[in-house]
2 protein chains.
Amino acid sequence: MPDTLPRLLPVQSDAPVQAAHDRVYRGLRQQIMHGELAPGHPLTLRGIGKSFGVSMTPAREAVRRLSAEGALSMSGSGRVTTPELSNDRIEELAQIRALLEPELGSRALRRAHLALIDRMDAINEANARAVNRQEPVNYIRTNLEFHRTLYLRAQSPAILGLLETVWLQLGPTMRVLYTRLRRTTPPPHHRHILEALRAGDDAALRLAIRTDVTQGLKHLQV
Amino acid sequence: MPDTLPRLLPVQSDAPVQAAHDRVYRGLRQQIMHGELAPGHPLTLRGIGKSFGVSMTPAREAVRRLSAEGALSMSGSGRVTTPELSNDRIEELAQIRALLEPELGSRALRRAHLALIDRMDAINEANARAVNRQEPVNYIRTNLEFHRTLYLRAQSPAILGLLETVWLQLGPTMRVLYTRLRRTTPPPHHRHILEALRAGDDAALRLAIRTDVTQGLKHLQV
DNA sequence: CATGGCGCAGTGTGATCACAATTGGCACGC
DNA sequence: GCGTGCCAATTGTGATCACACTGCGCCATG
């Protein structure tokens, strides 16, 4: 039932229009990483296909790719859900963040200039607004963006890539974390991170990042 | 052309026979991680399908999954090859190993008992034999098995999973490394690792692992 | 009213097909 | 001899279909 888009013309000239499976992948990935889906949320290939206007084939490929990254879990019979992480798993993922992120921050420190810090400041303010307005998805999104903006300067794509898969796995859990302790104040350690950056203090930056990362996830113990 | 296997009966009683895409995934993954494929080696979906006796569909899913893990790279037009890593990339992956593996070793140390160390000793001897016989694949396989045997004791599946994707990305490159410097002696630091384990010396173990990991990949600079 | 069995709707899997894009080689012309 | 354009074979993509399995609800029975 190809109702939504005729899709008759080759590609309609200019736009390379990324492949369908890639559109689906990106869409789902963002929903998961930003905590739009609760842990254990069930998904079906036909449902995904319908919501993206494609058939099962691209949906299956996107799901396969995401489950390879740990963003989705598949039951023995192939049923797809967002992962429900055990406490041990959460703690382990937090420890990975605590291992990788200070390293990335340290590498970025040498390359950080004022414009970068200002940009992070702006993101941090957007984060504070999301807290005030009680918007979980915007909170998670700006929080990750704050960290990613810094880490991009580390020029270490492999490490950052690994870290993003960790964030991805934590996405649904982060949503629970947020809704459980309705926080009213923005993450306090972001200020310390910015101060350490301005001061060019490597040790302080590593500590601030490590604390920021560990802090949030500590409250998640069931 | 379903020639090889009739596949008429439901499942032939007992064997759950893992799904076709999973068989293909495992097969390819092992070939890549053990260095059976050189960097830049081209693969085709139809070719993979034929060599595993399946159609393109499971082959595509396996390829998608592997490329999500960085074990295969896909050109813009979808052509699939094993990755040809840049020097920067290799160095970065080595640094990730140097970050994760000492941590895993340290965690395993508390749980390591004599039987484990004996098993690692045996694997190390198999590794030495592979060196003498100039068998690259067996060398890589036993080398990884040596490390994995230790890290499994760390009881940290998330970290180990991340590390395995790093090993996977390095697979084809390891093959080049081996054939370039036809080594005639086994990795010297494995002995140090075993000694530190027997002594229960955490600092020495971390150093030995870090050195072992860094050592090998250092010689790969083009 | 509880419980066990049956059947149907829903779901993932894998094969196949049509199609567009890329690729590689070959011949032609400069 | 070398570059250039074209053609055919190859390749990935996505839709569709048949099929087997799972899970759940419904109904009959104790």
Side-chain angles (χ1 to χ4, degrees), chain A residues 1-28 40-68 71-83, chain B residues 1-28 40-68 71-83:
Chain A
M1 193 211 291
D3 47 0
T4 50
L5 287 180
R7 203 73 165 73
L8 293 179
L9 300 182
V11 116
Q12 188 58 19
S13 70
D14 62 323
V17 284
Q18 51 199 350
H21 65 87
D22 212 57
R23 257 187 329 115
V24 177
Y25 168 76
R26 271 191 248 273
L28 282 179
H41 184 89
L43 296 170
T44 66
L45 296 184
R46 288 172 177 87
I48 294 169
K50 184 171 295 185
S51 82
F52 284 88
V54 299
S55 80
M56 294 173 57
T57 311
R60 226 194 314 183
E61 294 180 41
V63 163
R64 207 61 83 187
R65 193 169 162 191
L66 286 164
S67 73
L72 291 174
S73 40
M74 307 189 57
S75 85
S77 62
R79 298 305 223 270
V80 183
T81 62
T82 50
Chain B
M1 193 210 293
D3 48 0
T4 51
L5 286 180
R7 203 75 165 73
L8 293 177
L9 300 181
V11 116
Q12 187 59 17
S13 71
D14 61 323
V17 282
Q18 49 199 350
H21 64 86
D22 213 57
R23 255 186 333 114
V24 177
Y25 168 76
R26 271 192 249 273
L28 282 178
H41 184 89
L43 295 171
T44 65
L45 297 183
R46 288 172 176 87
I48 294 169
K50 185 171 294 187
S51 83
F52 283 88
V54 299
S55 81
M56 294 173 56
T57 311
R60 226 193 315 184
E61 294 179 43
V63 163
R64 208 58 87 189
R65 194 169 160 190
L66 286 164
S67 74
L72 291 175
S73 39
M74 306 190 57
S75 83
S77 63
R79 294 311 217 266
V80 182
T81 61
T82 49

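Throughout, a chain's letter reflects where its sequence line sits, starting with A, and its residues are numbered from 1.
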- Item | Residues in side-chain hydrogen bond (donor to acceptor under 3.5 Å, both in side chains) contact with A/R79, at least two apart in sequence or another chain |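 By the side-chain hydrogen bond (donor to acceptor under 3.5 Å, both in side chains) rule, A/R79 matches no residue at all.
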- Message: Based on the rotation axes of five pairs at each end, what angle does the helix from C/dC1-D/dG30 to C/dC30-D/dG1 bend through, to 10°?
- Response: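 About 10°, once rounded to a multiple of 10°.
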- Message: For A/V54 and A/S75, find the nucleotide of DNA chain D closest to each by heavy atoms; which residue's nucleotide sits nearer the 5' end?
- Response: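 Result: A/V54.
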- Distance in angstrom units between B/R23 CZ and C/dG14 C1', rounded: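 Spelled out: CZ on B/R23 to C1' on C/dG14 is 12 Å.
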- Message: Rounded to whole Å, please give me the gap between NZ in A/K50 and C1' in C/dT11.
- Response: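 To the nearest whole Å, that distance equals 13 Å.
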- Item | Heavy-atom protein contacts under 4.0 Å, nucleotides 7-13 of chain D, coded B base, S sugar-phosphate only, - none | ----BBB
- Heavy-atom donor-acceptor pair, A/T82 side chain to A/L72 backbone, under 3.5 Å: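 Judged by distance alone, no pair lies under 3.5 Å.
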- Message: Less than 4.0 angstrom between a side-chain N/O of B/T57 and OP1 or OP2 of C/dG14, yes or no?
- Response: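 B/T57 to C/dG14 OP1/OP2: no side-chain N or O under 4.0 Å.
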Enumerate, atom names and distances included, each donor-acceptor pair closer than 3.5 Å involving a side-chain atom of residues 54-67 of chain B, sequence neighbours excluded.
| from | atom 1 | to | atom 2 | distance (Å) |
| --- | --- | --- | --- | --- |
| B/S55 | OG | B/T57 | N | 3.3 |
| B/R60 | NH1 | A/E61 | OE2 | 3.1 |
| B/E61 | OE1 | A/R64 | NE | 2.8 |
| B/E61 | OE1 | A/R64 | NH2 | 2.5 |
| B/E61 | OE2 | A/R60 | NH1 | 3.0 |
| B/R64 | NE | A/E61 | OE1 | 2.7 |
| B/R64 | NH2 | A/H21 | NE2 | 3.4 |
| B/R64 | NH2 | A/E61 | OE1 | 2.5 |
| B/R65 | NH1 | B/D22 | OD1 | 3.0 |
| B/S67 | OG | B/V63 | O | 3.4 |
| B/S67 | OG | B/R64 | O | 3.2 |

- Item | A/S51 OG to A/L43 CG distance, which is reported to the nearest 0.5 Å |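 It comes to 9.0 Å.
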- Query: Taking only residues two or more places apart in sequence, or in another chain, which ones meet B/R46 in a salt bridge (charged side-chain N to carboxylate O under 4.0 Å, His left out)?
  - Reply: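 Per chain and number, B/R46 pairs via salt bridge (charged side-chain N to carboxylate O under 4.0 Å, His left out) with no residue.
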- Nearest heavy-atom pair of A/P83 and A/S73: which atoms, and what distance?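 Of all heavy-atom pairs spanning A/P83 and A/S73, the closest is CA-OG, 3.5 Å.
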